[in-house]
2 protein chains.
Amino acid sequence: MSSYSIGDLSAQSGVKVPTIRYYEQIGLIAAPARTEGNQRRYGSAELNRLRFIAHARDMGFAMDSLKSMLSLSTRKDAPCAKVDAIVEQHLAEVDQRIKQLTRLRGELAGMLSGGHHGTVGECRVVEVLSDHDHCGYEHGAAA
Amino acid sequence: MSSYSIGDLSAQSGVKVPTIRYYEQIGLIAAPARTEGNQRRYGSAELNRLRFIAHARDMGFAMDSLKSMLSLSTRKDAPCAKVDAIVEQHLAEVDQRIKQLTRLRGELAGMLSGGHHGTVGECRVVEVLSDHDHCGYEHGAAA
DNA sequence: GATAATCCTCCAGTCACTGGAGCTTTTCGT
DNA sequence: ACGAAAAGCTCCAGTGACTGGAGGATTATC
Ligand SMILES: [Zn+2]
Ligand SMILES: [Zn+2]
Ligand SMILES: [Zn+2]
Ligand SMILES: [Zn+2]
């Protein structure tokens, strides 16, 4: 059988029930067929679409990219260059983020180094956090 | 002189004016003195606190950690172990995030590799996004 | 003393959900 | 076949961390 209730769909996709309704509301997924008693019934196409959404969201794609990819992924014979471009851009963003976090990691490690601060008054963490001049890292500069 | 208007404070700290008022509203900073005409006037202590907040926020500390660190950083003779612990935990989180992003990077790069997909129908990006089985990465597992 | 810039409060909106109240429908055991 | 329990429905409100606007008062500058 290929008829899922919203709960089934939720279980199969890992997306919570209210979130599915929310996605319908914002037009991310289409309004499905209803039973006599007004309950939503989905087919496997909707399940696939929802999995696509969940997977992409899980990988940190922005909602906008997601919508673009969804609309681009419907025509199987269309060129995939645009989809690929979105992924490339996301890859670049991820790279950027990794670099930022690596620098931040250094900053945090630096705060903790030198060890045995003892009191808040001597604590390098508090010092660095209180005054960016002690930090040496240009936070917003590479954003 | 050590009397700043909210605009001065904003300029000195890099925190936007409405955000400063918001921080006051949620109790992150204390309500400052007012002029005859009801305008906020700040001293350098408030500026320091705001800089602390901005700096920590900039480094991705959660609002909760921030509050803890703020309350811990007031008594200069208290031991700094707790502050350090918060930073250590944040460092661990950053490490974790870097690992996740590095794996994600691999996944994204893998999607783009093999090149020349041509059409959406053959596109590895669409394939991987449509069906997590093609992805091989356990997304939620290490969260 | 006029005029521009800044400030005030209050309220609404953002994003991506999440949860509850109160009611109806479906499912399931007997 | 029937009654209870589970799951569904709609509507509305709330979250976090701000951001922005309306409409009006105050301050700074020339
Ligand atoms: Zn310390
Ligand atoms: Zn810094
Ligand atoms: Zn492709
Ligand atoms: Zn995957």
Side-chain angles (χ1 to χ4, degrees), chain A residues 1 3-43 46-47 49-50 52-70 90 93 139-140 143, chain B residues 1 3-43 46-47 49-70 93 139-140 143:
Chain A
M1 66 158 98
S3 183
Y4 310 97
S5 73
I6 198 169
D8 296 341
L9 203 69
S10 172
Q12 298 285 324
S13 66
V15 178
K16 289 183 186 165
V17 168
T19 304
I20 295 174
R21 288 197 274 249
Y22 167 73
Y23 282 165
E24 180 184 328
Q25 196 196 310
I26 64 169
L28 206 54
I29 57 179
R34 300 280 184 137
T35 64
E36 281 277 303
N38 199 35
Q39 299 198 357
R40 290 168 180 84
R41 288 296 177 267
Y42 300 91
E46 274 112 332
L47 176 57
R49 192 180 175 89
L50 195 56
F52 184 110
I53 292 167
H55 195 198
R57 188 194 52 178
D58 205 17
M59 307 206 314
F61 280 93
M63 227 54 179
D64 271 6
S65 307
L66 220 140
K67 281 184 193 170
S68 303
M69 288 194 292
L70 275 172
H90 188 46
E93 282 166 19
H139 295 275
Chain B
M1 72 162 91
S3 183
Y4 309 97
S5 72
I6 197 169
D8 296 342
L9 203 69
S10 173
Q12 297 287 324
S13 67
V15 178
K16 290 184 185 164
V17 168
T19 305
I20 296 174
R21 287 197 274 251
Y22 167 72
Y23 283 164
E24 180 184 327
Q25 195 195 311
I26 64 170
L28 205 54
I29 58 179
R34 301 279 184 136
T35 64
E36 282 277 304
N38 199 33
Q39 301 199 355
R40 289 167 179 84
R41 288 295 176 267
Y42 299 91
E46 275 112 331
L47 177 56
R49 191 182 176 91
L50 195 56
R51 282 217 256 243
F52 184 110
I53 291 168
H55 196 197
R57 188 195 53 178
D58 204 19
M59 306 207 315
F61 280 93
M63 228 55 179
D64 272 6
S65 305
L66 221 139
K67 281 184 192 170
S68 303
M69 288 193 292
L70 275 172
E93 283 166 18
H139 296 274

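We name chains A, B, ... by the order of the sequence lines, and we start the count at 1 in each one. Every heavy atom of this structure was used, including side-chain atoms; hydrogens, water molecules and symmetry mates were not.
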Side-chain contact check for A:N38: nearest option of D:dT10, D:dG8, C:dT18 is D:dT10
Counting only side-chain heavy atoms from C-beta out, which of C:dC17, C:dC8, D:dT10 sits nearest to B:R34? C:dC8
For B:D64 and D:dA17, give me the distance from atom CG to atom P, rounded to whole Å. 8 Å
To the nearest angstrom, how far is A:R57 atom CZ from C:dA16 atom P? 11 Å
Nearest to the side chain of B:S5 - D:dG20, C:dG19, C:dC7? C:dC7
B:R40 CZ to D:dA25 C1', straight-line distance once rounded to whole Å: 14 Å
Are the side chain of B:R49 and the backbone N or O of B:L28 linked by a donor-acceptor pair below 3.5 Å? yes
Separation of C:dG20 atom P from A:K16 atom NZ, nearest Å, is 11 Å
Could you check whether A:R21 gets within reach of a base, just the sugar-phosphate, or nothing at all, counting any heavy atom under 4.0 Å? base
Between B:A62 and B:E36, which is nearer to the 5' end of DNA chain D once each is assigned its nearest nucleotide? B:A62
Are A:E24 and A:T19 packed together at the side-chain level, in the sense that at least one heavy-atom pair is separated by less than 4.5 angstrom? no
Quick one: which of C:dG19, C:dC17, D:dC18 gets closest to the side chain of A:T19? C:dC17
Say whether, by atom type as modelled, one donor and one acceptor occur between the side chain of A:R40 and the main chain of A:Y4 under 3.5 angstrom. no
note: A:M63, atom CE; C:dC17, atom P; distance rounded to Å ~ 5 Å
Measure from the side chain of B:R41, starting at C-beta and using heavy atoms only, and say which of C:dT26, D:dT27, C:dT18 lies closest. D:dT27
Touch check for B:I6, heavy atoms < 4.0 angstrom, all strands: base, sugar-phosphate only, or nothing? sugar-phosphate
Closer than 4.0 Å, any side-chain N/O of B:T35 to the OP1 or OP2 of D:dT26? no
Within less than 4.0 Å of OP1 or OP2 of C:dC17, is there a side-chain N or O belonging to A:Y23? yes
Please check this pair: side chain of B:S10 against backbone of B:V15, looking for a donor-acceptor N/O pair closer than 3.5 Å. yes
Closest to side chain of B:P18, choosing from C:dC17, D:dT19, C:dG19: D:dT19
Looking at B:E46 and B:G43, would you say the former's side chain and the latter's main chain have a donor-acceptor pair under 3.5 Å? yes
Roughly, in whole Å, what's the span from OH in B:Y42 to C1' in C:dC7? 11 Å
How long is the line joining CD1 of A:I20 and C1' of D:dC9, in whole Å? 14 Å
Considering only D:dC18, C:dA16, C:dC8, which nucleotide approaches the side chain of B:Q39 most closely? C:dC8
Rounding to a whole Å, what distance do you find between A:E24:CD and D:dC11:P? 12 Å
